[in-house]
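Here is the structure we will look at.
The chains referred to below are lettered A, B, ... by the order of the sequence lines, with proteins before strands, and numbering in each begins at 1. Only a predicted model underlies this, so the values are computations on that prediction, with no experimental measurement involved.
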Protein chains: 2
Amino acid sequence: MRKGAETRERILEIAETSVLAKGFGATSIEEVIAEAGITKSGFFYHFKDKNELARALMLRYVEENDRIFDDVFHRGRQLSDDPLQSFLITLKLLAELMGDLPNGHPGCLIATFTYQERLFDRSVRDIATTAVRSWNGRFSDALNEIAAVYPARKGMDLEDVAIMFSCVIDGGIIMSRGLGDPRVLERQILAFRSFVKMLFAPAAPEIMLPPTAIAAE
Amino acid sequence: MRKGAETRERILEIAETSVLAKGFGATSIEEVIAEAGITKSGFFYHFKDKNELARALMLRYVEENDRIFDDVFHRGRQLSDDPLQSFLITLKLLAELMGDLPNGHPGCLIATFTYQERLFDRSVRDIATTAVRSWNGRFSDALNEIAAVYPARKGMDLEDVAIMFSCVIDGGIIMSRGLGDPRVLERQILAFRSFVKMLFAPAAPEIMLPPTAIAAE
DNA sequence: GTGAAAACCATACCGCCGGTACAGTAGATT
DNA sequence: AATCTACTGTACCGGCGGTATGGTTTTCAC
């Protein structure tokens, strides 16, 4: 029982690394089981086919990410009562988190999967869509809370700004890899953070940095 | 000779569509040749192995993208002498271009390939890296030209802003697919455009829209 | 400690695919 | 007429996803 969960977890860990490096289609079960030290029968005991592996990978990734966002948003709210400061702190914490990864961000499973959608059935894609919507909703809520206190610049849809954050993260991961510089992602999140600051503090930036701000520079 | 180039092009077109939908590893040569109406021997006459197909796809994609950027930057410069207006027009043209695609953007080959790097040899990856650097350089140059005329906000590295545009495009493509809404990409480019406007026109937005601006709203 | 369920292993097999090899050919070019 | 281009046809190899089936060990509940 516990041992079964451990093996399952090990399979998922190995598979995720491979998927993020070669893609799902090029990730062979044989290779995964070789690294996990089990047999093919052992693999198919845990996952009835490759699609179920995909679904499990997706679920695992989404849950892990939810935990991270929960944590970082929670700490942001703890460190300031002001919604803007709170969000800026959250962004800084996230940037630090990304920057502290030794070999850069391992990659976003959602991104890989959207570029291989034809390989999965609807259930897998639905998990991804739901997760993305929920994360965007989180950012959107945070921005709307800020806008209720501070007047936002006109002509900017906050929903689009929320989605842009997801774009910057996924794009930042790709650019980090493509340019071979792991720090790009961290810098991108901080650049986005600066834009958020600009968005809500157009005229007098000094006013926007009350002494309650802790992590905000 | 001409016929050979035509067949080669047809193979590349079919392969690219498949790669963007299923990934490179899951794109089978058999499937490509079936759709192209040729035999396996015919395929290997044009490409000595799958890696050479990857390289050809990459080169083709990079060249096509270069042409698009050449065109859209050129038109931007034609429509205004002011570097800021010129860049804003370019961004708007690009957004329109993306929005006019009937089924949304087909996908960025660079993005797929960076998520499948282990499948390709160095030459393919080098093409991608060089291309990304050159595009970022383009945006960076444009931003620096603007900064020479308009004072940019402090605390923002223009290099990061340039890279962010690439992030927004690649991220926007992923989000468009993931959310099932092709218009997300267009909206993201326009949102980034608004940020650029904010970056260089902090105090008085009205001044930044002289009558010379044509496409700028 | 025993019995049952969980967590595997061993073996054999199918069909598809990437890739190689090699021989042949229709049509355009020179 | 000879040559080159752009293929077709056939045959083969090994690896992989996936199925099937039967056996074995480990773990846990009672």
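- Atom CZ in B:Arg10 sits roughly 12 Å away from atom C1' in D:dC7 (whole-Å rounding).
- Spacing between atom NZ of B:Lys48 and atom C1' of C:dT20 amounts to 14 Å, rounded to whole angstrom units.
- A salt bridge does not link A:Lys22 to B:Glu117: none of the charged nitrogens lies less than 4.0 Å from a carboxylate oxygen.
- When atom types are taken as modelled, the side chain of A:Ser176 and the backbone of A:Leu185 share a donor-acceptor pair closer than 3.5 angstrom.
- Note that CD1 of A:Ile169 is 12.5 Å distant from CD1 of A:Ile174, once rounded to the nearest 0.5 Å.
- Residue B:Phe192 forms a ring pair (Phe, Tyr, Trp, His ring centres under 6.0 Å) with just one option from B:Phe165, B:Phe87, B:Phe139, and that option is B:Phe165.
- Under a 4.0 Å N-O distance rule, the pair B:Glu35/B:Arg10 does not qualify as a salt bridge.
- Each of B:Thr130, B:Asp66, B:Asn65 was compared with B:Trp135 under the side-chain hydrogen bond (donor to acceptor under 3.5 Å, both in side chains) criterion, and only B:Asp66 meets it.
- Following rounding to the nearest Å, A:Glu52 (CD) and D:dG18 (P) show an atom-to-atom distance of 11 Å.
- The nearest whole Å value for the distance from the CG atom in A:Asp49 to the C1' atom in D:dC16 is 15 Å.
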Protein and nucleotides 9-12 of chain C: nitrogen or oxygen contacts under 3.5 angstrom:
residue : atom : partner : partner atom : Å
C:dC9   : OP2  : A:Thr39 : N            : 2.9
C:dC9   : OP2  : A:Thr39 : OG1          : 2.9
C:dA10  : N7   : A:Ser41 : OG           : 3.1
C:dA10  : N6   : A:Ser41 : OG           : 2.7

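- Contacts between residues 27-35 of chain A and DNA chain D, defined by a heavy-atom separation under 4.0 Å, are made by A:Thr27, A:Ser28, A:Ile29, A:Glu30.
- Per the geometry, CZ belonging to A:Phe44 stands 16 Å off C1' belonging to C:dA7, to the nearest Å.
- When the C1' atom of D:dT8 is taken as reference, atom NE2 of B:His46 falls 12 Å away, rounded to whole Å.
- Near DNA chain C, meaning a heavy atom under 4.0 Å away, there are no residues from residues 114-126 of chain A.
- Atom OH in A:Tyr45 sits roughly 12 Å away from atom P in C:dA5 (whole-Å rounding).
- Atom-to-atom, CZ of B:Phe47 to C1' of D:dC7 comes out at 14 Å; the value is rounded to the nearest Å.
- A salt bridge links B:Arg60 to B:Glu13: one of the charged nitrogens lies within less than 4.0 Å of a carboxylate oxygen.
- Between B:Arg67 and B:Glu64, at least one side-chain nitrogen of the basic residue sits less than 4.0 Å from a carboxylate oxygen of the acidic one, meeting the salt-bridge criterion.
- Closest to the side chain of A:Lys50, out of C:dG18, C:dC8, D:dG17, is D:dG17.
- Aromatic ring orientation, A:Phe113 versus A:Phe120: parallel (interplanar angle below 30°, classes split at 30° and 60°).
- The backbone N or O of B:Ile110 sits nowhere less than 3.5 Å from a side-chain atom of B:Tyr115 that would complete a donor-acceptor pair.
- Of the options A:Leu20, A:Thr17, A:Val32, a side chain to side chain contact (heavy atoms under 4.5 Å, CB included) to A:Thr27 is made by A:Val32 and by none of the others.
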